[in-house]
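In the text below, chain A, chain B and the rest are named by the order of the sequence lines, each starting its count at 1.
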Amino acid sequence: MAVTLNVNGASRTSPAAPDTPLLYILRNDLNLNAAKYGCGFGQCGACTVMIDGTATRSCITPASQVGAKAVTTLEGLGTIARPHALQKAFIDEQAAQCGYCVAGAMMTAKALLDKNAKPNEKEIRGALSGNLCRCGTHNRIVRAIQRASGQEVTA
Amino acid sequence: MNARDNSMFGAASNQVADESFSLPRRRFFKKSGALAVAFSLAPSLLNAQAARPALPGSLNNFRKLDSWLAINADGTVAFFSGKVELGQGITTALTQIVADELDIDMARIRFVSGDTDRTPDEGVTAGSLSIQQSGTALRFAAAEVRALLLAAAAQKLGAPAESLQVADGTVSSASGGKATYWELSGSVPLGREATPGVKPKTAAQHKVVGKSVPRRDIPAKVTGGEAYVQDMRLPGMVFGRVVRPPSLTAKLQSVDEAAARAMPGVVAVIRDGSFLAVAAEREEQAIAARYALSQSAKWDVPAALPPMGPALFAHMKTQRSTDSVVGKKDNPQAAATAVKTLKAEYTRPFQSHGSIGPSCAVAQWKDGKVTIWTHSQGVFQLRGDLVKVLKVPAANINCIHKEGSGCYGHNGADDVGLDAALVARATNGRPVKLQWMREDEFGWEPYGSAMVMNMSAGLDANGKIVDYTHELWSHTHSTRPYDPDGSNLLAGWHLATPVPMGPAKNIPQPSGGSDRNAVPYYTFPQQKVINHMLMDMPIRVSALRTLGAYANLFAAESFMDELAEAAGADPVEFRLRHLTDPRARAVLEKVAADANWKTGDKHRGVSFSRYKNIGCYVAAIVDIEIDRASGKLSVPRIAMVGDVGLIVNPDGIINQLEGGAIQSTSWTLGEQVSYDNRQILTKSWSDYPVLTYAEVPKVKTTLINRPSDPSLGVGEGSQGPVVAAIANAFARSSGKRLRDLPLAPARVKALLA
Ligand code: FES
Ligand code: FES
């Protein structure tokens, strides 16, 4: 038994059973840190990745449902040396406290910005409604998304 | 380095050795029959005992310079801190301090924090004390190390030390001679005691202290770098999960271990008394085996939980308690001038930390020694309890801090360290990564205690408070590891040979635990605080950010508004009437000015506190909106002014104060743990909703810098002011007062109907 996935533009294989949630394959077989376990029930957003451009909870998405679709994780955006605009904006706004929620929030934001290049503040907050943050970093995260989309920072 | 690793239990005598300070101190207390408290720091007592001059901050307990700093020949500088990164930005702030004192670039600085083999034992990273304790020690140690390096340079360059300049570790003389710290370090041994009277730099000489230096941990966190203990991967590592009992006192009757052992990938099933756990090759296999075990397990679950809802508070008042009176001032003459008396009761339910990432640890056994990577707030304290449960000497246990998800007090971090160590004993030396499931975290983290506060006060004819009583009932707010009379690690209570917890203890004043911030910071002629600390803990409780201060300030600062109203006074002016400390007055006056406070303002409320009465000052004004149809309250805006003494990193401070304000708003508007008479019912985020992006307030925070005053911690400064300001805003807006937390829709609706 093995599954083959298309992750961050590369074909990757995992020995996992096909019903394994994508989250564990990303973290434990592909050594990708960004998607996090938070609740395992699709309630917190810490595990968010993009699948064919849609923000998706990887903790409740079995590998068998992903098939050949394109999985993008935060690692697929950029690196410390060459950060993506969204990553740079998060650094510039210092948009983290513990940061545990941030990777998921960034992938939700990426999916939003890909569809709506200049979302207003309400749209940003609405898109993030399924991403929980317990440190109270919400406003900084909204500001980082506004900055990344070249808009005035109002949050 | 291992010389520093003194066993907490191995020290045989009461003599005060440099780095084994914690044990003699605790023993001293115990033997003398005084209340033994693991969190007590009694430097004055110890200094008298040790007959040594006092040194600043934690330097007093760890007096050697090389306990704090290493200047390396490769051009780097390392600092060692017992305080750990919890997402509050402490490592960046400490780096700023070291960089300025040594005149080096921040990029040269490495740090080692929270490692029982390598760093000083600075106690728990809690109480917003890291800057005060570790920051102060590093500031003075670095200042002295710089002076030693300069003296060596002076000798080498043949120029007086005062005439030398330092730029990024390179010392130069007027005549053009140069020497670097890295060359000089070999001739400047740091294994010497720090000396008193060292003068660190003045605020005017600071280059990076006081600046919003970007946090050093953020780039990795926003690019998927390895940042958390959850991200650790070791060769041969397996995955562990625990099957917790349905309740604290439940007993495991039977379970089908064989069926779980036969499941794919399962490496070990561990059953010891009512402790049940599993290890598997893959994480999802461990989760599946955990589920199978939980399905087949039969438990005896006693009906041992207190009532839920309003009945809880009446019940709490009947429970056995340790009572104390603190902050007492007698002035019967003044009290007799009261012309009006007010009384009110306020309550707060059990509330959860609810870290987004459930607790996690990695453990590995090798040759009878165990290494545990943990996001504990106190690696030495964790080790202290592990000694008792694992029955292994401290020298064979190394606890190393690795960051975890946001930490707001005593959550499952320590417990999962023991879980991982117990499971790793059954995996033949293979490391085990064990993360709690969401329901483990909600069900087993120690909550912030429910509390009842009965307030009463007398006003004189001039509208001044002349008599004031704050009486409270609460469980303890600290059951952290390394209690002198037991063990506070969860799994230990459930083993076949249990290691139970000791009796409940309060943190003494002036900080206080359940009575934190119950003693008024206002000046009243007669006052008393009566603290009934309940001895039994049917529901697990411990430190949640601010301990008792959040509920005490909800009560006290709501009551201030009730008294102001009774006195016909404006709430800002009424507070100022009773405030003498100019710094307290300044934050209140400034927030009123900044937020354009007007006496007749209806839909806003104000509040003030000085955290712990000895920490930072924060005043807040919040705006409120009430949806009468649903009863839902929203807080669109919060304005805050903080005075934190010398500011090390303004943006970091604002981040902390704002985060605290948002968390407090969430606690206040809807959070409470639910349970029935047998078990906790809060298991997932749908049982415990927290504020979302669309609901959080916008927060404007302004800081007053006091460069000549010591830096004060900020992680817990804003929660108290914010809860009371929300309650006060609701009362001003609706004309009715809510005295029970949370201010949830059903309650609001019932009150306004
Ligand atoms: S871990 Fe997937 S939504 Fe919480
Ligand atoms: S930054 Fe800690 S949970 Fe969001």
Side-chain angles (χ1 to χ4, degrees), chain A residues 15-17 19-21 24 27-28 31-41 43-44 46 73-75 77-80 83-84 86-87 90-92 94-103 105-106 122 124-142 155, chain B residues 86-89 212 214-215 217-228 230-231 233 239 264 282-284 287 353-358 360 403-408 435 437-438 651-652 655-656 658-666 684-686 690-699:
Chain A
D19 60 351
T20 303
Y24 302 112
R27 291 189 58 79
N28 301 330
N31 293 356
L32 296 169
N33 296 313
K36 298 274 187 290
Y37 170 80
C39 69
F41 284 120
Q43 294 179 337
C44 76
T73 73
L74 185 60
E75 288 90 344
L77 267 52
T79 60
I80 292 191
H84 180 273
L86 190 60
Q87 291 165 320
F90 269 70
I91 295 171
D92 290 342
Q94 293 285 288
Q97 286 186 56
C98 78
Y100 199 89
C101 70
V102 163
M106 291 176 80
K122 205 167 163 212
I124 296 173
R125 290 185 189 268
L128 289 165
S129 64
N131 290 81
L132 301 180
C133 172
R134 191 60 170 153
C135 294
T137 318
H138 310 74
N139 293 325
R140 281 179 186 243
I141 290 172
V142 174
Chain B
L86 306 170
Q88 84 283 42
S212 290
R215 287 240 313 265
D217 52 328
I218 288 183
K221 289 176 176 176
V222 300
T223 51
E226 184 187 318
Y228 307 92
Q230 284 89 347
D231 301 334
R233 294 177 193 92
F239 295 85
R282 298 185 54 88
E283 192 162 16
E284 66 275 11
I287 293 169
H353 300 76
S355 293
I356 295 298
C360 180
E403 254 192 271
S405 177
C407 169
Y408 323 108
Q435 185 167 19
M437 305 297 283
R438 179 81 258 152
D651 189 63
N655 203 355
Q656 282 296 292
E658 172 168 337
I662 288 175
Q663 193 172 65
S664 178
T665 306
S666 184
S684 77
W685 290 111
S686 58
V690 296
L691 286 194
T692 64
Y693 279 79
E695 296 166 322
V696 297
K698 292 194 177 179
V699 185

field: Under 4.5 Å from a heavy atom of chain A, the part of B/Glu695 involved
entry: neither
- line: OG (B/Ser666) and CG (A/Leu132) are apart, to the nearest 0.5 Å, by 9.5 Å
- prompt: Relative to chain A, which segment of B/Pro264 carries a heavy atom at a distance below 4.5 Å: side chain, backbone, both, or neither?
  reply: neither
Which atoms of A/Leu77 approach chain B - backbone, side chain, both or neither, heavy atom under 4.5 Å: neither
- request: Rounded to the nearest 0.5 Å, what's the gap from CD1 on A/Ile80 to NZ on B/Lys221? Could you check?
  value: 12.0 Å
field: Rounded distance (nearest 0.5 Å) linking atom CD of B/Glu226 with atom CG of A/Asn33
entry: 6.0 Å
message: If I measure from the heavy atoms of chain B, does A/Asp92 come under 4.5 Å with its side chain, its backbone, both, or neither?
response: neither
task: Sort A/Ala96 into side chain, backbone, both or neither according to what part of it lies under 4.5 angstrom from a heavy atom of chain B.
output: both
- prompt: Side chain, backbone, both or neither: which part of B/Arg215 has a heavy atom under 4.5 Å from chain A?
  reply: both
- prompt: At a heavy-atom separation under 4.5 Å, does A/Asp19 approach chain B through its side chain, its backbone, both, or neither?
  reply: neither
query: For the atom pair CD (B/Glu658) and OG1 (A/Thr137), what is the distance rounded to the nearest 0.5 Å?
result: 8.5 Å
field: Choice from B/Ile218, B/Leu691, B/Asp217, B/Leu86 maximising heavy atom contacts with chain A below 4.5 Å
entry: B/Ile218
task: Starting at CD of B/Glu283, measure out to CZ of A/Arg27 and round the result to the nearest 0.5 Å.
output: 7.0 Å
task: Go through the atoms of A/Ala105 and report whether side chain, backbone, both or neither lie under 4.5 Å from a heavy atom of chain B.
output: side chain
message: What part of A/Ile141 gets within 4.5 angstrom of chain B, counting heavy atoms only: side chain, backbone, both, or neither?
response: side chain
- request: Give a yes or no on whether the backbone of A/Cys133 and the side-chain of B/Tyr693 come within a donor-acceptor separation of less than 3.5 Å.
  value: no
task: Would you check if A/Asn28 and B/Phe239 make a side-chain contact, meaning some heavy-atom pair closer than 4.5 Å?
output: yes
